[in-house]
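What follows is a single structure, written as structure tokens, with notes after it.
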Amino acid sequence: MEKEKTYTNFIQKIIEEHHISGRFNQKVHTRFPPEPNGYLHIGHAKSIILNFTLAEKNGGLCNLRFDDTNPIKEEDEYVKSIMEDVKWLGFDWENRLYYASDYFDQMYDFACKLIEDEKAYICDMTGDEVRASRGSLTEAGQASPYRNRTPEENLKLFSEMRAGKFPNGSHTLRAKIDMSHPNLNMRDPVMYRILHANHHRTRDKWCIYPMYDWAHGLEDSLEGITHSICTLEFEDHRPLYDWYLKQLDVYHPQQIEFARLNLSFTIMSKRWLKKLVDGGHVSGWDDPRMPTISGLRRRGFSPESIRKFAEEIGVAKRENTVEMNLLEHSLREDLNKRANRVMGVIDPLKVVISNYPEDRIEYLDAINNPEDADAGSRKVAFSKELYIEKSDFMEEPFRKYFRLAPGKEVRLRYGYYITCTDFIKDENGEVIELHCSYDPKTKGGSSPDGRKVKGTIHWVSASENIEAEVRLYDRLFTEPNPGKNDDLASTLNPDSLIVRKKCFIESEMKNANNGEYYQFERLGYFSLDRIDSNPEQLVFNRSVALRDSWKKIEKGFQTGQK
RNA sequence: UGGGGCGUCGUCUAACGGUAGGACACCUGGUUUUGGUCCAGGCAGUUGGGGUUCGAUUCCCUACGCCCCAGCCA
């Protein structure tokens, strides 16, 4: 029992301290607050999982809230995809779906209160002027000439702003804090800007929109959030978050910052991801090579594996780059237990069993999942002509090569032992067909005399199978840290997608279902491509290959000794 | 060289001031009708220097390194 892993991270620790101090009356209420301006990626998944599980483990709730304060960037399409992704990960916000735009009226009223208290003013400076007067990292800023307008004048101007009397950029509402504050965020930050734009929800009701810092704390406060969790770059904004809530004397959540996720061999920034899409380097936001949630879903990742991954990587404040290995491991670990096995040949080489009757077909028993006795078994067709993997034959085998070679015997999984008696090459010297003999006494894959056969290979009957397209994926970049390189395109992995058109899969797979996970024995985990696959032309994506200890040995032979 | 953060195995991440632990990766062996899984074992870390203490990853000082901030983005 003491082996039970406790859910531990520094945020949980803070929560427990709050429980002791009684700050939030033992309550935990979090929120996931995406801006609907793009697709979610695995880094967002970390945040979603953090917020929802933190609430759940502490008997609390987590809201889904769209932080839609910038109508220029936000679209309904993203709202839909975000909800789909959160649901797919297995979380339920029940009736707690909120939008920042729901609070625009209240935010306006709060702003008026600040104006009345002489803590905010309308500034007529242009963006450039504001920038110039903000000072620098080492120099104090200069006060706006409009800083001392009366509350009456400010109120009037503010309502005129709202009424649409001014063009974009002509006025802002600014908090009156401290132009010489060492934290630049505190140098009279803008609370409202004029944006004559159509909002995805409020349409043309507003032409002034709240800035993040002003809006976010109020959203949290209004929803009774206890722990407002965000990423590290907002640490500098916490004083402002706190300042607004304190001036207003309203319910005050605790903002806590954690380090965002970086993954090796990929990138997480929306800007770069968009470049990949726009540059045609990938087929879209849901390209199976993308680290987006929709991409991972299409690639064949399970939500369970992503949640396990999030648990494994933990949560802390230091910068981190998690190895892609760990993500892949999480998937293998999950699918090994639940994916049914099946045989498929993705690089076919024809085999003729010379001593097997011409027109005979046998149906042999194959176990669906050795890791799950309840998964049962199925029948696979065996016939005189078969396909095996090209890589399972070598004319001149390496020393430890256990597979087929002239005169060598292997086991066909769940089939027979066969021995290679001959091979045929085409005019280019490429092996195109093998002739083998089989041992009828080894049906099912074991021999009565107990002789050892080290190699077991997969195969598919040439007469009974289904043809499919298979897509093999590899990391998108060749660099472990592509984000550090300005010339992204040069570090793209040219082999990140390999399409194999005429693959042969055992006919069992005619019943393959969308969203189901399969293991093609010895090759990896696969699932149907939910966009491009159809009953006439099945398309399988390889989500991840099996671990392959042979690959290393083989490389050793190829490069060094032989 | 203004402010805010962060430095623990290769990579993530733990450790009321009390044996630096786990996972991934890697390496050995064993089992195996998937060169998969599984099992057993191994390698490997507290940024440096001081101080406090019986005892420091933990507290203090200092140095160094890395990240973030000058949007009317979030």
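Proteins come first, then strands; the chains are lettered A, B, ... in the order of their sequence lines, and each starts at number 1.
The partner of B/rU58 is absent, by the rule that a Watson-Crick or G-U pair needs both atom distances under 3.5 Å. Across all strands shown, B/rG65 forms a Watson-Crick or G-U wobble pair with B/rC6, both key distances being under 3.5 Å.
Among the protein residues, A/K337 comes within range of no part of the nucleic acid, since none of its heavy atoms lies under 4.0 Å from any strand. In this structure, A/R238 reaches neither bases nor backbone, as no heavy-atom distance under 4.0 Å exists between it and the strands shown. Counting non-hydrogen atoms under 4.0 angstrom, A/F520 reaches nothing in the nucleic acid. Nucleic acid contact class of A/K13 (heavy atoms, under 4.0 Å, all strands): sugar-phosphate only. Using a 4.0 Å heavy-atom distance criterion, A/D236 is classed as a base contact. Within the nucleic acid shown, A/P239 has no heavy atom closer than 4.0 Å to any nucleic acid atom. Among the protein residues, A/E235 comes within range of the sugar-phosphate backbone only, with heavy atoms under 4.0 Å from sugar or phosphate atoms but none that close to a base. Nucleic acid contact for A/Y414: base, since at least one base atom lies under 4.0 Å from a heavy atom of the residue. Within the nucleic acid shown, A/E257 has no heavy atom closer than 4.0 Å to any nucleic acid atom.
By the 4.0 Å N-to-carboxylate-O rule, A/E233 lies close enough to A/R260 to be salt-bridged with it. Salt-bridge check for A/R147 with A/D188: passed, with a basic side-chain N closer than 4.0 Å to an acidic carboxylate O. A/R187 and A/D178 are not joined by a salt bridge, as no carboxylate oxygen comes within less than 4.0 angstrom of a charged side-chain nitrogen. Between A/E223 and A/R65 a salt bridge is recorded (basic side-chain N to carboxylate O distance below 4.0 Å). The pair A/K317-A/E235 counts as a salt bridge, with a side-chain nitrogen and a carboxylate oxygen less than 4.0 angstrom apart.
Checking B/rU34, B/rC69, B/rG36 against every side-chain atom of A/L184, the shortest atom distance belongs to B/rC69.
Computed from coordinates, the A/L261 CG to B/rC24 P distance equals 18 Å when rounded to whole Å. Between the C1' atom of B/rU32 and the CD atom of A/E521 lies a distance of 13 Å, rounded to the nearest Å. Per the geometry, CG belonging to A/N262 stands 17 Å off P belonging to B/rC6, to the nearest Å. Here the C1' atom of nucleotide B/rG2 and the CE atom of A/M186 are 15 Å apart, to the nearest Å. Between the CG atom of A/D178 and the C1' atom of B/rA70 there is a distance of 15 Å, rounded to whole Å. Across the protein-nucleic acid pair, A/K454 atom NZ and B/rG30 atom P stand 9 Å apart, rounded to whole Å. Atom pair A/R174:CZ and B/rA70:P shows a separation of 15 Å (rounding to whole Å applied). Following rounding to the nearest Å, A/I177 (CD1) and B/rG3 (C1') show an atom-to-atom distance of 15 Å.
For A/Y525 and A/P182, each mapped to the nucleotide of RNA chain B holding its nearest heavy atom, the one lying further toward the 5' end belongs to A/P182. Annotation: of the two residues near RNA chain B, A/R547 and A/G415, the 5′-most nearest-nucleotide partner is A/G415.
Side-chain contact check for A/S391 and A/E389: no donor-acceptor pair (N or O, by modelled atom type) lies under 3.5 Å.
Within a 6.0 Å sphere centred on CG of A/L195, other residues, nucleotides and ligands contribute more than 12 heavy atoms.
B/rU57 and B/rG49 have their P atoms separated by 12 Å, with the value rounded to a whole Å.
Side-chain nitrogen and oxygen atoms of A/H329 include at least one within less than 4.0 Å of the OP1 or OP2 phosphate oxygen of B/rC24.
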Report all interatomic pairs (protein N or O, nucleotide N or O of nucleotides 71-74 of chain B) with separations under 3.5 Å.
{"residue": "B/rG71", "atom": "OP2", "partner": "A/R131", "partner atom": "NE", "Å": "2.9"}
{"residue": "B/rG71", "atom": "OP2", "partner": "A/R134", "partner atom": "NH2", "Å": "3.4"}
{"residue": "B/rC72", "atom": "OP1", "partner": "A/R134", "partner atom": "NH2", "Å": "3.2"}
{"residue": "B/rC72", "atom": "OP2", "partner": "A/R134", "partner atom": "NH1", "Å": "3.3"}
{"residue": "B/rC72", "atom": "N3", "partner": "A/G169", "partner atom": "O", "Å": "3.4"}
{"residue": "B/rC72", "atom": "N4", "partner": "A/M125", "partner atom": "O", "Å": "2.6"}
{"residue": "B/rC72", "atom": "N4", "partner": "A/G127", "partner atom": "N", "Å": "3.2"}
{"residue": "B/rC72", "atom": "N4", "partner": "A/G169", "partner atom": "O", "Å": "3.0"}
{"residue": "B/rC73", "atom": "OP2", "partner": "A/R193", "partner atom": "NE", "Å": "3.0"}
{"residue": "B/rC73", "atom": "OP2", "partner": "A/R193", "partner atom": "NH2", "Å": "2.9"}
{"residue": "B/rC73", "atom": "O3'", "partner": "A/R193", "partner atom": "NH2", "Å": "3.1"}
{"residue": "B/rC73", "atom": "O2'", "partner": "A/N70", "partner atom": "ND2", "Å": "3.2"}
{"residue": "B/rC73", "atom": "O2'", "partner": "A/K73", "partner atom": "NZ", "Å": "3.1"}
{"residue": "B/rA74", "atom": "OP1", "partner": "A/T69", "partner atom": "OG1", "Å": "2.7"}
{"residue": "B/rA74", "atom": "OP1", "partner": "A/R193", "partner atom": "NH1", "Å": "3.3"}
{"residue": "B/rA74", "atom": "OP1", "partner": "A/R193", "partner atom": "NH2", "Å": "2.9"}
{"residue": "B/rA74", "atom": "OP2", "partner": "A/Y212", "partner atom": "N", "Å": "2.9"}
{"residue": "B/rA74", "atom": "O3'", "partner": "A/D67", "partner atom": "OD2", "Å": "2.9"}
{"residue": "B/rA74", "atom": "N6", "partner": "A/H237", "partner atom": "NE2", "Å": "3.3"}

Using nucleotides 10-13 of chain B, report all nitrogen or oxygen pairs with the protein that are shorter than 3.5 Å.
{"residue": "B/rG10", "atom": "N2", "partner": "A/E323", "partner atom": "OE1", "Å": "3.1"}
{"residue": "B/rG10", "atom": "N2", "partner": "A/E323", "partner atom": "OE2", "Å": "3.4"}
{"residue": "B/rU11", "atom": "O4'", "partner": "A/E323", "partner atom": "OE2", "Å": "3.1"}
{"residue": "B/rU11", "atom": "O3'", "partner": "A/T321", "partner atom": "O", "Å": "3.2"}
{"residue": "B/rU11", "atom": "O2'", "partner": "A/T321", "partner atom": "O", "Å": "2.9"}
{"residue": "B/rC12", "atom": "OP1", "partner": "A/T321", "partner atom": "N", "Å": "3.0"}
{"residue": "B/rC12", "atom": "O5'", "partner": "A/T321", "partner atom": "O", "Å": "3.3"}
{"residue": "B/rC12", "atom": "O2'", "partner": "A/I313", "partner atom": "O", "Å": "2.8"}
{"residue": "B/rU13", "atom": "OP2", "partner": "A/R318", "partner atom": "NH1", "Å": "2.9"}
{"residue": "B/rU13", "atom": "O5'", "partner": "A/R318", "partner atom": "NH1", "Å": "3.4"}

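When the options A/I267, A/L261, A/T266 are evaluated for a side-chain contact (heavy atoms from CB on, under 4.5 Å) with A/P291, the one that passes is A/T266.
Between A/Y209 and A/H199, the ring-plane angle classifies as parallel under the 30° and 60° cut-offs. Aromatic ring pairs are classed by plane angle as parallel below 30°, tilted from 30° to 60° and perpendicular above 60°; the pair A/F382 and A/Y438 is tilted.
Base orientation for B/rG49: anti, the chi torsion being more than 90° from 0.
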